Structures are given as structure tokens and as C-alpha cells.
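Notes for the one structure printed next.
As the structure lists them, so they are numbered: ligands from 1, and atoms in each ligand from 1. Computed from a predicted model, the values in this text were never measured in an experiment. Every heavy atom of this structure was used, including side-chain atoms; hydrogens, water molecules and symmetry mates were not.
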Amino acid sequence: MPTPAAGTQALMEITSRPDVVFVRGEGSWLEDAAGKRYLDFIQGWAVNSLGHCHPAIIEALARQSRQLINPSPAFYNQPAIELARRIVAASCFDRVFFANSGAEANEGAIKLARKWGQLHRHGAYRIITFDHAFHGRTLATMSASGKPGWDRKFAPQVDGFPKADLNDLESVRALIDDDTVAVMLEPVQGEAGVLPATHQFLQDLRALTRERRLLLIVDEVQTGMCRTGLLFAYQHAGIEPDIMTLAKGIGGGVPLAALCATEAVSCFEPGDQGGTFNGNPLMAAVGVAVFDIVSAPSFMDAVHARSRQLKAGLEALSRKWGMHGERGVGLLRALVMDRDDGPVLVKAARQRVPEGLLLNAPRPNLLRFMPALTVTAGEIDTMLAWLDALIAQVRG
Ligand SMILES: *Cc1c(COP(=O)(O)O)cnc(C)c1O
């Protein structure tokens, strides 16, 4: 008998994957090759903003693929124009460059900041980032990240990313020198375990960067597109950054990302930035469909209601089991446990029968919840009930 995942040796082993092959998805549910269903609270790591295989995404892909797939980024196409106009109208930014992944958008942000430094700050190039930050897996974005151990992986690093401490303005101030051009952060550190930057910190950081003529870059790859209950997480703090990156939720599951900048900072010249797939109309058409759904006021109201429900449910679980509470913003939340049973719970949840549950433990004592923004009240209740039973099972 071949295992369910026979033939996997042909794939590079970039992570240890469970012996499950998913064949179908709909909304908050996935189905594997054996017909088992799973309630999905990972959603491709907050990628599937509308859940699996949303009809609007299917329709956008089908319609656009019949019309035009990729004329090349050297020419305009209508969906890219439409999506850029929507982002610009809904944000403090004036210009958008589309990319294919969060890491690529962040690379673009780093290049844009360095270019701006060459033009306006005598070649300043250093970008202050934060301990435990996650910005992607290219060489520069790994260097910008503050994941423990990443400074030695694939050494030497790309130079110029000193690390400050989140929510500690003095740690930022202490790193600023003549070569500093920008500060870059996630409004909520996702991979680090759902650690929000406080509104006060973001406001102080904006004031400090203005005073020292530095750019402020927000990496909203995980927090953007209504994940936190507002279209963009920086809006909670009432600040206006200079540069923002989007990915994950903007494509609702397809590879789409965006680098957004104010007019004053949009200093790329022809030849500075590009890429064969960038801004292709097939992905941009999906982006337009996703954008129109998540930016509707009634959609955001539902996200608020679901996030209140999830927060209250996690708080109740924490109280019942003597854990250390919950945290997060909108539908990006974490349960902080009193022991390191995250990995055991993740496995037990996946192996649960007859239906499995997909959870993520970015740290051993922490579970992260990133459901579809379209998750129903019933699905949240189901997840909470199953998790309660799983904790009981694991803790005996
Ligand atoms: C996932 C993530 C990235 C990387 O995005 P990819 O599309 O995987 O390259 C960058 N920044 C943040 C905050 C992320 O959560």
C-alpha cells in the first residue's frame, strides 16, 4: 500500500510535512485524499482571506484567464490599474508596484528606501528592524528579520539591518546614525507569536522618524487587507507611514503582493525594479475581487464580531485551563499557554477524528489563530469546543 503521500521524495524537504495530501477546499474546510475533513484555522498562514476557493476568486480567475493572462509588466493592463487605484484611494499611499510574494515586496521596499537614501540622504542605507521580526526568506529579507539563528544561516548576511526592540523607542533612537535611512516593522509581529506594536509606539516612531528624516516602512504582509479589522493595521494608530508592503490576504490564496509608497518616496527610475510576473492581470483581477469584498463596511463589521467572539472564547479557555491569556488584533490572535504543549496540540488536532482541526504553534507555548475572514460564528464555536476537548485529552 502506498502511503497517502507517496511520491513526495520528488519534492525538496523544506519543512517536515504531515503525511496528508489535501485535494479540496471550501470556505473554512479542507479535505484530504482519504476524504477526511479539517476545520482550517491556518488558512495558508493567513493567506486565504476569503477561505478556500471563494466563488468570487474562482470567477475572477476564470473570467480573466479567458481574456488576458500576462502581456508583460512592460505594458499596462486594466486589472493592475484597477487594483492600484483601489489601494491608493483607501490608503495614505500614492503609488503601487505589484509583486508575487511578501518577501519580494519587502525586497522592493528595501531597494526603494536605499534609492531614496541615495537621492536625499547622502547614501544612507541602514534600515532599523526589530528583534523577532519576520520579513521573508530572500537573503535581504532574512537579514532584515530578527528570527533567532537566522543571522548565521546562509551567511554572510546582507549588511545594514540593525535590530531594535519592539515597543521600545529608546532602543530605536540608540541605533540611528548618519547611515540610517528607515525603520521597518510589522504592526503586529506575526511569526514572533502575535505581538502587537502599541499605538503609542507607532505614533512615537512616526514622530521620531519624521524628526530624523527617516522613512517609516510597515510590513503589512500578514496584517493588511482587513486581517486586523481595518483595511490596514497602521490605521489603528492613526499614523501615515511612507511605505507599506502587502501580500498574503491581498490575493486570497494566489501569489500577489504590493509595494505601496507615497509620492515623495516613489523614486524608482526605469530599470530599477521589475519582474516578469509582476502585476500580471490574472493575479491582479483576483486582487480586485478580494479588495471589493473585504473593503465593504458590512464585511468589516462581521470581522469585528468574529474577532470579539474568538477573543472571548480564547479568554474563557485560558481561564479554564490556567493559561496566560490571549492577545492579538482582529482575526490574528494567539492563546498563550502555561506549558509547551503547542506542538502536541497541533498534532492531536490534525489527527482528531472524524474531522481534523488545523492549528499553528509559532512558539511551543503559543497557538496562533488565522481563520478565513469569512469564518462563521458556528465554525469559531466548533473550533473552541474541539480545542477544549483536545487540551483535556493532551493534558490527561
Ligand atoms: C509571510 C510574511 C512575509 C513573507 O511573505 P512571503 O509571501 O512568504 O514571501 C513577510 N512579512 C510578514 C510580516 C509575513 O507574515
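The aromatic ring centres of Phe268 and Trp116 sit 6.0 Å or more apart.
Ionic pairing of Lys311 and Glu326 is present here: one or more N-O contacts between side-chain nitrogen and carboxylate oxygen are shorter than 4.0 angstrom. A salt bridge is absent between Asp159 and Arg126; no separation between the charged side-chain nitrogens and carboxylate oxygens falls under 4.0 Å.
Of the candidates Asn278, Thr141, Thr138, Asn278 is the only one forming a side-chain hydrogen bond (donor to acceptor under 3.5 Å, both in side chains) with Glu104.
Polar contact with ligand 1: present for Ala103 (N/O pair, distance under 3.5 Å). For Val221, no nitrogen or oxygen atom sits less than 3.5 Å from a nitrogen or oxygen atom of ligand 1, counting backbone and side chain alike. Among the atoms of Gly102, some N or O lies under 3.5 angstrom from an N or O of ligand 1.
There is a path of hydrophobic side-chain contacts, each under 4.5 Å, that joins Met283 to Leu50. A continuous path of ILVMFWY side-chain contacts below 4.5 Å connects Phe161 to Phe154, so both sit in one hydrophobic cluster.
Ring orientation note: the planes of Tyr234 and Phe232 are close to parallel, at an angle under 30° on the 30°/60° scale. Between His199 and His236, the ring planes are parallel. Angles under 30° get that label, and only those over 60° would be called perpendicular.
By the criterion of a heavy-atom distance under 4.0 Å, the side chain of Asn106, and not its backbone, is placed next to ligand 1. Counting heavy atoms closer than 4.0 Å to ligand 1, residue Glu186 contributes side-chain atoms (C-beta onward) but none from N, CA, C or O. Looking at Trp45 against ligand 1, nothing comes within 4.0 Å, counting heavy atoms.
Set against the non-hydrogen atoms of Asp219, the atoms of ligand 1 under 4.0 Å away are 10 (C), 11 (N), 12 (C), 13 (C). Residue-ligand proximity, His135 to ligand 1, at heavy-atom distances under 4.0 Å covers atoms 10 (C), 11 (N). Less than 4.0 angstrom separates some heavy atom of Ser101 from each of these atoms of ligand 1: 7 (O), 9 (O).
Within a 4.0 Å radius of atom 5 (O) of ligand 1, the protein contributes one or more non-hydrogen atoms.
Nearest-residue assignment for atom 14 (C) of ligand 1 (options Glu191, Lys248, Met370, Gln222; heavy-atom criterion): Lys248.
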